[in-house]
Amino acid sequence: MSVPTTAKGYAISDTKKYTDFEVKEFKLKTAGPDDVTLDIECCGVCGSDVHTITGGWGELASDFCVPGHEIVGTVTHVGDNVKEFKVGQRVGVGAQVYACLKCKRCESDNENYCSQQVDTYNAPYPDGVVAQGGYSTTIRAHERFVFAIPDALKSEDAAPLLCAGLTVYSPLKRNNVGPGSVVGIVGIGGLGHLAIQFAKALGAHVVVFSHSPNKKDDSLKLGADEFVSTGEKGFADAHADKLDFILSAADAASIPLSELFSTLKIGAKIVSVGLPDAHTTWDLHPMAMASNASSIGTTHIGSKVEANEMLKIAAEKGVKPVIDAILPMSQAGKAIEGVKSNKVRYRYVLKQDLA
C-alpha cells in the first residue's frame with residue numbers, strides 16, 4: 001500500500017461561521033524517513049479548537065482549518081528510520097507535530113518550547129505545507145510527536161489526555177508536585193477536571209477553587225480534598241500561606257489573583273494553562289506578589305518524555321476524562337458550540353466517520 005499524500009477532514013473556512021464544517025481534501029505533511037502515518041479513529045474536542053476556528057487567537061493560517069489535536073488512530077505507514085512504532089499499532093498525536101530537534105531545547109527534552117515548533121493544525125511546516133488536524137481521516141507526524149497508547153486506556157479516554165492531560169501534567173511535574181504537596185486547582189472544566197486527578201495521582205493534597213458551587217460534588221468525586229467557592233467573601237483566608245503550587249485551568253477574562261497569591265507559601269507559583277482569547281487582559285500589579293515573593297507564569301503542552309509518563313500514570317492510576325458524549329465527527333459543529341457555551345461536562349470526543 002502506497003503512502004498517502006492527501007486526506008479528508010471537517011474544515012472551517014470562515015471564523016464567523018465556526019460551526020459550519022465542510023469536508024475538504026488537504027495535503028498531508030511531506031513524508032520523511034522519521035514519519036509515522038496513522039488512520040484516525042477518534043479525536044477529542046479541545047478549547048483550543050474553539051479559540052482557533054472562532055478567530056479568538058487570530059486569523060486562520062490558510063483558506064481553511066481542520067482542527068483537532070487529541071488524536072488516536074492506527075499506524076498504517078512508518079518511515080525507514082522509525083524504530084519505536086510498527087504498522088497496526090495504536091498510537092496518539094497531540095498538539096505539536098514538528099520541532100527542529102537540533103537546538104538546546106529539543107536536545108534537553110524541551111521540544112515543546114522549540115522556536116521552530118509547528119502546531120498540529122493551523123500552522124505551516126517549513127516547506128510550506130499547512131498542518132491540518134484530527135477532525136480527519138489521516139495524520140502524519142515525526143515519531144517524536146507520536147505516543148504509544150497503553151492497552152489499559154480506551155481510545156476515547158486516551159484522546160483528551162494528549163492535549164488536556166499533558167497540558168496539566170507537565171506543570172505539575174515541573175513544579176515538583178508529589179506526596180506532601182498542597183496544590184490548588186482553579187477552574188473545573190476540560191483541563192481542570194484532569195488536573196485534579198493527576199495532582200491526586202502524584203500524591204498531593206488537592207484544594208479546588210471555583211466560582212461555580214455546583215461543581216463541588218464533581219470536584220470531590222474526582223479526588224479533590226477540599227472545595228473553595230471563590231464567590232464567598234474572604235474565601236482565601238483559611239488557606240493563607242498553605243499552598244505549594246496553584247495550577248489555573250480557568251479560560252476566563254479574570255480570576256481573583258490577589259486572593260489566590262495570598263494562599264501561596266513564600267516563593268511559590270501560579271501557572272495558568274487556561275489561555276483565553278488574545279484580546280483578553282488580566283488586572284495584575286507586582287504588588288500582589290510582593291508579600292510572599294510569589295509569581296505567575298504559563299507552560300506549553302509538554303515533552304514526549306512527559307507525555308509517556310502521563311499516559312503511564314493514567315493507565316496505572318485510572319485517570320481518565322469525564323466524557324459528556326462521543327459523537328460522529330460529522331457533528332463537530334454541535335461539539336464546538338457545546339464547548340464555546342461552556343455546557344460540556346467535561347469533554348467531547350469525535351469518532352471518525354469519513355473513511
Side-chain angles (χ1 to χ4, degrees), residues 7-26 38-56 60 64-74 90-95 119-122 131-139 147 149 153-168 188-194 197 215 218 222 249 251 311 314 319-355:
K8 292 188 297 183
Y10 291 99
I12 291 295
S13 302
D14 184 347
T15 56
K16 293 184 177 63
K17 300 177 180 179
Y18 54 84
T19 61
D20 293 351
F21 285 88
E22 297 178 314
V23 176
K24 297 277 192 180
E25 185 174 70
F26 59 90
L38 54 143
D39 283 347
I40 293 171
E41 176 187 349
C42 61
C43 184
V45 179
C46 184
S48 301
D49 302 345
V50 175
H51 286 296
T52 300
I53 64 174
T54 61
L60 299 182
F64 63 87
C65 172
V66 177
H69 57 204
E70 297 178 337
I71 303 159
V72 174
T74 303
R90 190 171 58 127
V91 298
V93 174
D119 295 331
T120 301
Y121 61 84
N122 198 47
Q132 302 288 3
Y135 296 11
S136 63
T137 57
T138 309
I139 192 166
F147 316 116
I149 304 298
L153 295 176
K154 296 179 181 179
S155 295
E156 56 266 31
D157 290 335
L161 298 178
L162 298 172
C163 176
L166 182 57
T167 294
V168 299
I188 310 309
L191 295 177
H193 89 286
L194 288 169
Q197 295 180 71
K215 291 186 177 178
D218 283 355
L222 289 165
D251 182 355
L311 289 167
V319 176
K320 62 181 182 178
V322 175
I323 297 177
D324 188 301
I326 300 172
L327 301 170
M329 211 164 269
S330 56
Q331 293 186 27
K334 177 181 177 180
I336 289 293
E337 189 57 53
V339 175
K340 189 175 189 300
S341 61
N342 201 29
K343 292 179 179 177
V344 61
R345 291 285 182 96
Y346 287 98
R347 302 298 279 190
Y348 292 118
V349 175
L350 302 176
K351 296 285 281 188
Q352 201 270 109
D353 60 1
L354 281 170

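For clarity, every value in this text was computed on a predicted model and none was experimentally measured. If you read the sequence from its start, that first residue is 1, and numbering goes on from there. Computation of the quantities below employed the complete heavy-atom set of this structure, encompassing side-chain atoms and omitting hydrogens, waters and symmetry-equivalent molecules.
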Assess the residue pair Phe21 and Ile12 against the criterion (side chain to side chain contact (heavy atoms under 4.5 Å, CB included)); give the C-alpha distance rounded to whole Å, side-chain angles, the decisive distance to 0.1 Å, and a yes or no.
CA-CA 5 Å; Phe21 285 88; Ile12 291 295; 3.6 Å; yes
What's the shortest heavy-atom distance between [X] and [Y], and which atoms?
X      : Y      : value
Pro328 : Leu350 : O-CD2, 4.0 Å
Ser330 : Tyr10  : CB-OH, 3.4 Å
Asp157 : Leu161 : O-CG, 3.5 Å
Cys65  : Pro67  : O-CD, 3.3 Å
Thr138 : Ala7   : CB-CB, 3.8 Å
Cys42  : Val349 : CB-CG1, 3.9 Å

For the [atom1] atom of [X] and the [atom2] atom of [Y], what is their distance to the nearest 0.5 Å?
X      : Y      : atom1 : atom2 : result
Leu166 : Leu191 : CG    : CG    : 11.0 Å
Ser48  : Ile53  : OG    : CD1   : 11.5 Å
Ile40  : Thr74  : CD1   : OG1   : 10.5 Å
Lys8   : Gln352 : NZ    : CD    : 9.0 Å
Leu38  : Thr137 : CG    : OG1   : 10.0 Å
Asp218 : Ile188 : CG    : CD1   : 9.0 Å

On the 0 to 90° scale, with breaks at 30° and 60°, tag the Tyr121-His69 ring pair as parallel, tilted or perpendicular.
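Tyr121 vs His69 ring planes: tilted.
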Would you check if the side chain of [X] reaches a backbone N or O of [Y] as a donor-acceptor pair within less than 3.5 Å?
X      : Y      : value
Asp324 : Arg345 : yes
Thr120 : Gly94  : yes
His193 : Val322 : yes
Gln197 : Lys320 : yes
Thr52  : Asp49  : no

Check against side chain to side chain contact (heavy atoms under 4.5 Å, CB included), Tyr135 and Val45
CA-CA 9 Å; Tyr135 296 11; Val45 179; 3.5 Å; yes
Answer yes or no: is there a side-chain heavy-atom contact under 4.5 Å between [X] and [Y]?
X      : Y      : value
Pro160 : Tyr346 : no
Gln132 : Lys24  : no
Leu60  : Asn122 : yes
Thr19  : Lys340 : no
Gln331 : Tyr348 : no

Classify the side-chain pair Ser155/Glu41 by whether it contains a donor and acceptor separated by less than 3.5 Å.
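A donor-acceptor contact under 3.5 Å links the two side chains.
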Show the numbers, then the answer: is there a side chain to side chain contact (heavy atoms under 4.5 Å, CB included) between Leu194 and Arg347?
CA-CA 10 Å; Leu194 288 169; Arg347 302 298 279 190; 5.5 Å; no
Could you check whether atom NZ of Lys351 has more than 12 heavy atoms from other residues, nucleotides or ligands sitting under 6.0 Å from it?
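Counting neighbours around NZ of Lys351, more than 12 heavy atoms of other residues, nucleotides or ligands fall under 6.0 Å, so yes.
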